[in-house]
Amino acid sequence: MSDGTDLTPRSRWLLLSPALTVLLFAASGPLLIVVVYSFLAPGDYGGVVWKFSTDAWFSVVLERDFFTEQLGFADAHLSIFWRSIKLSFMTAVLTFVFGLPTAYFIATRPKEKRDFWMLLVMIPFWTNLLIRTFAIMELIRAEGTVNSLLLALGLIDEPIQMLFTEFSLLLGMAYVYLPLMVLPIYASMERFDFSLVEAGYDLYATRWKVLRRVIFPLVKPGVIAGSILVFVPSLGAYVTPRVLGGGKQLMLGNLIELQFGAGRNWPLGAALSLALLAIVMVALILYVRTAGDDEVKHG
């Protein structure tokens, strides 16, 4: 059987053409349309006017006062950017706090039982995201399970307002994306030599020192990968903030949808989409550099 080294350059390009065609029209094509739209003027009832304009990019972070025409920061957009980045980072941290011990627990089980525990972690992915979000909503609403239980125990006198707050968004996204943190950490821990932990204890290291100096450095690539897998989709989350935020706690995904929908400002929506893409690219570049440094250190 030929290993492909005897193929001519023309034959290789012909073999690659189906994949290149898919990438061109399914990935690069839509992205190019978004880039073009971001430099056009908005139509009166949606769509775009084929007239070059940088107003959309200008409006991402700046705005003019309606009465005085004074230039200032677009506080609404910047607050949504900040909320999105903050909640995405906090979601990554929260999923790490719960994901690390979960992955450690599964990795220390007998081999024949690990698949069962991994199945339990994966079960939420079998359920539609919207249904899972409504399940969280049912738990934390004023008449929900949590408030009803606290009232029955006499711990509170009136329901706690948890729904439609940043807390509800953080809780919902942490629940949705927790498996994406557990899986890569478990993949790192599965290859971990736990005799190193015993050696640490033999050298009179505390549990905290063993975790910090032995376990964490060796599973750090999995932690970084899990953080990226959680942080990136959290930035563009739409369903969870839409349901649990109730229109009061908008994130970038909701703001972009608003511009393409009720706002009827497609160029601004395109510019916001590209700004979101830029943030994701920065996060991925940081991940690649950090992972590369770890490989050099432990190589």
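Throughout, residue positions are numbered sequentially from 1 according to the sequence presented.
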What is the distance from atom [atom1] of [X] to atom [atom2] of [Y], rounded to the nearest 0.5 Å?
| X | Y | atom1 | atom2 | value |
| --- | --- | --- | --- | --- |
| M173 | S88 | CE | OG | 5.5 Å |
| I140 | M162 | CD1 | CE | 6.0 Å |
| F167 | M90 | CZ | CE | 10.0 Å |
| L100 | M189 | CG | CE | 4.5 Å |
| L119 | W126 | CG | CH2 | 4.5 Å |
| I106 | D115 | CD1 | CG | 10.5 Å |

Counting only heavy atoms not in [X], do more than 12 fall under 6.0 Å of its [atom1]?
| X | atom1 | result |
| --- | --- | --- |
| F73 | CZ | no |
| K86 | NZ | yes |
| Y204 | OH | no |
| D157 | CG | no |
| E112 | CD | yes |
| F89 | CZ | no |
| F125 | CZ | yes |
| R212 | CZ | yes |

Please name the residue in the list I131, I136, L130 that meets the side chain to side chain contact (heavy atoms under 4.5 Å, CB included) test with F134.
L130

For [X] and [Y], indicate whether the former's side chain and the latter's backbone hold a donor-acceptor pair under 3.5 Å.
| X | Y | value |
| --- | --- | --- |
| Q259 | G261 | no |
| T54 | W57 | no |
| S79 | A76 | yes |
| R114 | A107 | yes |
| S148 | T145 | no |
| S53 | A41 | no |

Any non-hydrogen side-chain atom of [X] less than 4.5 Å from a side-chain atom of [Y]?
| X | Y | result |
| --- | --- | --- |
| H77 | E63 | no |
| S188 | L218 | no |
| F81 | I279 | yes |
| L71 | F58 | yes |
| I156 | N147 | yes |
| F231 | T91 | no |
| V49 | L40 | no |
| I215 | Y104 | yes |

Decide side-chain contact (heavy atoms from CB on, under 4.5 Å) for V36 and V48; before the verdict, give the C-alpha distance in whole Å, the side-chain angles of both, and the deciding distance to 0.1 Å.
CA-CA 10 Å; V36 172; V48 295; over 6 Å; no

Using atom types as modelled, flag every donor-acceptor pair under 3.5 Å from a side chain in residues 236-258 to any protein atom, sequence neighbours excluded.
unit_1, atom_1, unit_2, atom_2, d
Q249, OE1, R83, NE, 3.3
N254, OD1, M251, N, 3.1
N254, ND2, Y238, O, 3.2

In terms of the angle between their ring planes, are W266 and F260 parallel, tilted or perpendicular, with boundaries placed at 30° and 60°?
tilted

Nearest atoms (heavy-atom pairs only) where [X] meets [Y]:
| X | Y | result |
| --- | --- | --- |
| I185 | G99 | CD1-C, 4.4 Å |
| A56 | S38 | CB-O, 3.5 Å |
| R132 | T127 | NE-O, 3.2 Å |

Side chains of residues 20-34: which donor-acceptor partners sit under 3.5 Å, not counting sequence neighbours?
unit_1, atom_1, unit_2, atom_2, d
T21, OG1, S17, O, 2.7
S28, OG, L23, O, 3.4

